[in-house]
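Structure first, then comments.
Residue numbers start from 1 in every chain, and the chains themselves are labelled A, B, ... in the order their sequence lines are given, proteins ahead of strands.
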Amino acid sequence: MQSTNHHPFTKGLLSWYRQHARALPWRQTQDPYAIWLSEVVLQQTRVAQGLPYYLKLLEVFPTVESLAQAEESVLFRHWQGLGYYSRARNLHKTAKLVVSDYHGKFPATYNDLIQLPGVGPYTAAAIASFAFGEAKPVVDGNVFRILARYFGIETDILHSSARKEFTDVAMELIPQDQPAEFNQAIMDFGSLQCSPAPLCASCPLSLTCFAFQQKRIQDFPVKQKKAKQKNRYFNYFILEQGGQVLVRERKERDIWSGLWEFYLVESAQEEELESLVEMDDNLSTMFSNATVQFLKSPKLHILSHQKIYCRAWHVQVPDNLDISNLAGFQWIQPEDFEKLGKSVLLLNLITDNLHLKIFNDSMPR
DNA sequence: AAGGCGGGGCG
DNA sequence: CGCCCAGCCTT
């Protein structure tokens, strides 16, 4: 029995592991070469996907010497289909380096291991603990997720400071006398129990888990959404009739909701004026007899998550054309439009076109 | 500090 | 289709 001064998390985790440990081949060895090989294969790779590659690689290259002597092309052929091919290149580099600089014996400490090509904080901790019993916690996606949930850590795991913070927490939890068991356990726990879609109903740690107790499992780990900068193409038409302009309030669930703007046609890509008019029924009607002028405008407007390519036209609509009932739009005096909230993009557009009579009569500045 | 690198499984 | 996986390296 272990001493009872372990954190409740650690006790519960190790207890769970005694009943649920997966029998994985790289756990049947203490050979740092085999362990290193498995860890590199498993970087960003599911066990089920990496397992056959590991077995085959160990069969073809049973020792670090055999790997070091192999042609890189042979290694690549065996790596093919596994992805992240720089792993194979670094694998070969490290094998040759271990043979040439370390007499074929892997360095035995975290600090030396992490110097090897393709060996980062996670892999160094894994080898150090599994092969040499050094008490360094592994901190991978599983550990981020588990600790964030259990302790309610709000730190964005994509932030540069996150690794240190989570490593510090894990360092407090890892038992000095059985670091390998702890590290294996926390990864099985992350894979089988506290997975991205966790099985809280059967979890022995749920009673002391912050996220579960607060019913906030969905909130952890905190991970900033990738702001996939989308390209958008805004085509503004400043429609004028009898000294008034056609405007509307943006109300949809989108940028600038609540602000006012001119007639907008958004397209999926850059379009010619003719295509835009053709695509838009209202424009088709109004353009039948109108005077159109291409306007200077901000070409590009950048938001945190969107790049907006902008073009604009001024359209003088004939007075005799009745287009009063456009849903959501209204004709307005320019001096009244001036008082309404507008996006910076639109303000810039106006500033660029103060020569238009409707603007220089009404807009201050 | 941010981006790139792969293929596959899952909801 | 987006997210995630036993991360690491480069810029």
Completion exercise
Between A:Y85 and A:H159, whichever has its closest DNA chain B nucleotide further toward 5' is A:H159
Handout entry: Given DNA chain B, 5'-ward residue of the pair A:A197 and A:G81, judged by closest heavy atom
Key = A:G81
Hey, can you pull the donor-acceptor pairs under 3.5 Å for the side chains in residues 203-210 of chain A, sequence neighbours left out?
from   : atom 1 : to     : atom 2 : distance (Å)
A:S206 : OG     : A:C203 : O      : 3.1
A:T208 : OG1    : A:Y150 : OH     : 2.7
A:T208 : OG1    : A:L205 : O      : 3.4

Practice task
Decide yes or no for A:E261 and A:R248: does some side-chain heavy atom of the first lie under 4.5 Å from some side-chain heavy atom of the second?
Solution key: yes
Problem - Within residues 159-195 of chain A or reaching into it, pairs that qualify as ring pair (Phe, Tyr, Trp, His ring centres under 6.0 Å) - sequence neighbours excluded - result: A:W16-A:F189, A:F144-A:F166
Handout entry: B:dG9 to C:dC8 separation - C1' atoms, rounded to the nearest Å
Key = 23 Å
Completion exercise
Once base and sugar-phosphate atoms are separated, protein heavy atoms under 4.0 Å mark nucleotides 4-11 of chain C, 5' to 3', with B, S and - as BBBBSS--
Problem - Gap in Å between the two C1' atoms, one belonging to C:dA6 and one to B:dG3, rounded - result: 22 Å
Practice task
Apply side-chain hydrogen bond (donor to acceptor under 3.5 Å, both in side chains) to A:S38 and list each qualifying residue two or more places apart in sequence or on a separate chain.
Solution key: none
Fill in the blank from the handout: A:K164 atom NZ is separated from B:dA1 atom C1', nearest whole Å, by 18 Å
Show which side-chain atoms of residues 129-142 of chain A pair as donor or acceptor with protein atoms under 3.5 Å away, not counting sequence neighbours.
from   : atom 1 : to     : atom 2 : distance (Å)
A:S129 : OG     : A:A125 : O      : 2.9
A:S129 : OG     : A:A126 : O      : 3.1
A:S129 : OG     : A:N183 : ND2    : 3.0
A:E134 : OE1    : A:Y110 : N      : 2.9
A:D140 : OD1    : A:N142 : N      : 3.1
A:D140 : OD1    : A:V143 : N      : 3.1
A:D140 : OD2    : A:N142 : ND2    : 3.1
A:N142 : OD1    : A:R145 : NH2    : 2.7

Fill in the blank from the handout: Here DNA chain B, pairs taken as Watson-Crick or G-U under 3.5 Å and shown with ( ), [ ] when crossing and | when to another strand, reads |||||.|||||
Exercise for the section: Could you go through the salt bridge (Lys or Arg N to Asp or Glu O under 4.0 Å) check for A:R77 and A:E71 one step at a time? Expected result: CA-CA 10 Å; A:R77 187 155 48 74; A:E71 285 291 328; over 6 Å; no
Practice task
Using a 4.5 Å cut-off on heavy atoms from C-beta on, say whether the side chain of A:L42 contacts that of A:Y54.
Solution key: no
Problem - Parallel, tilted or perpendicular: rings of A:F262 and A:F337 (30°, 60°) - result: tilted
